[in-house]
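Residues take their numbers from the sequence shown, with the count starting at 1. Just so it is clear, the values below take in all heavy atoms, side chains as well, and ignore hydrogens, waters and symmetry mates.
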Amino acid sequence: MPYRVHYHPNLIFSVGTQVVTTMDIPGSAGLVLHPRGTVGVVVKSPTDREHSHRVRFPGGFEGTQKRSEIIMLARFKDQEIGDSTFAVVGSAKVDPFICPHPTQ
């Protein structure tokens, strides 16, 4: 099944893009702050692919994520619908929740 969402591997996500983490986000003391599959919003885009995106997560936490650590929410949903074998970084499927708008 062809993907319905345009995607380019060198795409730099713009501010406001909703993304899904493809790996756990560690907090202090090595505990998982946000598990893979967490939805966040890009609040600062890098100037090139060598630098990280700044992403705001539920609860207001902001962190930097490399391009390889996030996927566009629309692309994630498209793969979930179109490919029953898709999983985030080889794990069981994760049901992402929607992050509230940054101004709310």
A.B. asks: Restricting to non-hydrogen atoms, name the atom on Ser52 and the atom on Thr64 that form the minimum distance, rounded to 0.1 Å.
C.D. replies: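 Scanning both residues, the minimum pair turns out to be CB-CB, 3.8 Å.
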A.B. asks: Do side-chain atoms of His34 reach the backbone of Phe57 as a donor and acceptor pair under 3.5 angstrom?
C.D. replies: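 Such a contact is absent between His34 side chain and Phe57 backbone.
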A.B. asks: Grab the two heavy atoms, one from Arg49 and one from Leu11, that are nearest each other, plus how far apart they are.
C.D. replies: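 That closest heavy-atom pairing would be NH1-O, 4.2 Å.
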A.B. asks: What's the shortest heavy-atom distance between Pro58 and Thr38, and which atoms?
C.D. replies: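 In terms of heavy atoms, the two residues are closest at CD-CG2, 4.0 Å.
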A.B. asks: So, for Pro35 and Thr21, which heavy atoms are closest and what is the spacing to 0.1 Å?
C.D. replies: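 Looks like O-OG1, 3.4 Å.
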A.B. asks: Side-chain heavy atoms nearer than 4.5 Å, only ILVMFWY residues, links allowed to pass through others: does that put Met72 and Ile25 together?
C.D. replies: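 Linked within one cluster.
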A.B. asks: After noting the C-alpha distance and the side-chain angles of Val20 and Arg75, does the key distance pass the side-chain contact (heavy atoms from CB on, under 4.5 Å) rule?
C.D. replies: CA-CA 9 Å; Val20 178; Arg75 176 79 171 171; over 6 Å; no
A.B. asks: Give me the one residue out of Val55, Leu73, Ile71 that meets side chain to side chain contact (heavy atoms under 4.5 Å, CB included) with Val19.
C.D. replies: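 Among Val55, Leu73, Ile71, the one that satisfies the side chain to side chain contact (heavy atoms under 4.5 Å, CB included) with Val19 is Val55.
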A.B. asks: Can you tell me how far apart OG (Ser45) and NE2 (His51) are? Round to the nearest 0.5 Å.
C.D. replies: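 One gets 13.5 Å once the value is rounded to the nearest 0.5 Å.
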A.B. asks: Please name the pair of heavy atoms, one in Ile70 and one in Gln65, separated by the smallest distance, quoted to 0.1 Å.
C.D. replies: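 Heavy atoms of Ile70 and Gln65 come nearest at CG2-CB, 3.8 Å.
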A.B. asks: Might you point out which heavy atoms bring Arg36 and Asp24 nearest each other, and give the distance in Å?
C.D. replies: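 Reported closest heavy-atom pair: N-OD1, 2.8 Å.
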